[in-house]
Asks: 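Please read through the structure below; I'll follow up with questions.
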Amino acid sequence: MSYLLESYAAMVGTDVIERLRQLARPLAGMSIVHVNSTRVGGGVAEILEKLVPLTNDLGINTSWEVISGDDDFYECTKGMHNGLQGTRQDISRRLLGVYEETNFLNAEKLRPVLEEADFVFIHDPQPAAMMQHCPKRRGQWIWRCHIDASRPYRSVWKYIRNIVTPYDASIFSLPAFAHPLEHPQYIIPPSIDPLSDKNVELPEEEAAAIYAAYGLDPTRPLIVQISRYDRFKDPVGVILAYRLAKKFVPGLQLVLAGGEATDDPEGALVLDEVKAAAGNDPDIHVLLLPPDAHRIINALQRAADIVLQKSTKEGFGLTVTEGMWKGKPVIGGDTGGIQLQVINYHTGFLVHTPEGAALRIRYLMQNRKMMEEMGAKARNYVRENFLLTRHIQEYLTLLVGIQFGAEYRIKLV
Ligand code: UDP
């Protein structure tokens, strides 16, 4: 067994790893290519970072390609993202032309790899139009939608639906996100990697040094939201909730930490809005972190009494899983993938407004025992449902299923 697989066996149990090896056996020597639009920043990159080497260690040749585009391309794909999440978004014909041309140019570069692969996972809309430029493709193409597409803006969904209809299968994170398409659809929620720098246990001194570096007072209560500066994450709503809660929780501190995803052109604008909303309150820490700040984020999540993810739309919310894994109750927006993780009154609270979030912050801060119980349940819930090994198991099951159909049986010896 490889060193990597060994280390997961120690974390999740050898039986789980053995199950993965059984599932991988019929796929041995085959190839998988994952394609997305950024190597760092955002949940997709976060997942692929470890999913790719682990699948390789299971004997399946797996690679990860990243497409590139100019500002117009990202403006268009951000519009698609917003439109899929329900915002009214009329994307101009010119920008759609840039999208199509960019997909063509990237397909020119990647064609040999894509046409040869046994399985191609296309993540989200950005690279989705490459398939039509790979006429000699011999593998199965799977569109993996990470977005809450439950109530998309109609014209955006129609455009994307036309592009993804010829795929062999698609994957959504929740049943509510799926749409009628002429190919099989699968529901597979994402996961976190318990052994990554983002999620491993940290030595106390390292955590303490990070609190000091950011001017946090470990003796006072702290709430933390980690996320890209994106309006759907509602960072300004978090500031409102903090202000309301602070009236009842003296000394409360807030950290809002985010970075820049290279495929998100709106980040700088939203960061300005957040800074304006924070004003000069010394207890609000608005941080812009580099893309490799995993251990810092880890420490901030551990420093928190409560983790917030007050999104108004959320495909899944890896930050929720990360907070729960650190034994924190999460107060999250009652939407999308957060509903799958935050079991109201058990692993945290689901809220609709800054007022609702403030009420729950106040309640938990005044009920430390409840806070601890919820945190413990949250960690267990992630252990059972949202670790990377479960995610790989479901991907492999899907691949075996679409490759061999019902004729194949996985031998359990
Ligand atoms: N993240 C990060 N740096 C940041 C902000 C976020 O590394 O400044 C990570 C975060 O810890 C999580 C992922 O990026 O692992 C965000 O995934 P999520 O599903 O929460 O949101 P998305 O950005 O994909 O909408």
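Hydrogens, waters and symmetry mates play no part in the numbers below; they use all other heavy atoms, side chains included. Ligands are counted one by one from 1 in listed order, and the atoms in each one are counted from 1 as well.
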Asks: Mind checking whether F349 and Y363 have parallel, tilted or perpendicular rings, split at 30° and 60°?
Replies: perpendicular
Asks: Do any nitrogen or oxygen atoms of G43 lie less than 3.5 angstrom from nitrogen or oxygen atoms of ligand 1?
Replies: yes
Asks: H133 vs F104 aromatic rings, parallel, tilted or perpendicular, using cut-offs 30° and 60°?
Replies: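 Rings of H133 and F104: perpendicular, over 60°.
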Asks: For ligand 1, is any non-hydrogen atom under 4.0 Å from E322's backbone (N, CA, C, O), its side chain (CB onward), both, or neither?
Replies: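 It is the side chain that touches ligand 1; the backbone stays farther off.
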Asks: Look only at the side chain of E355 and the backbone of L244, and say whether a donor-acceptor pair between them is shorter than 3.5 Å.
Replies: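 Not a single qualifying donor-acceptor pair exists.
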Asks: Could you tell me whether the side chain of T347 reaches within less than 4.5 Å of the side chain of M324, counting heavy atoms only?
Replies: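 Of all side-chain heavy-atom pairs linking T347 with M324, at least one is under 4.5 Å.
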Asks: Given L288, L287, T38, L318, which one has a non-hydrogen atom that is nearest to atom 18 (P) of ligand 1?
Replies: L318
Asks: Do ligand 1 and G259 have nitrogen or oxygen atoms that lie under 3.5 Å from each other?
Replies: yes
Asks: Nearest 0.5 Å, what's the CD1-CG distance between I32 and L399?
Replies: 5.0 Å
Asks: To which of V44, D124, T319 does the heavy atom nearest atom 10 (C) of ligand 1 belong?
Replies: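 Selected option, by shortest heavy-atom distance: T319.
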Asks: Which option, L289, I297, T321, owns the non-hydrogen atom nearest atom 3 (N) of ligand 1?
Replies: I297
Asks: Of all the heavy atoms in K233, does at least one lie under 4.0 Å from an atom in ligand 1?
Replies: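 So K233 counts as touching ligand 1.
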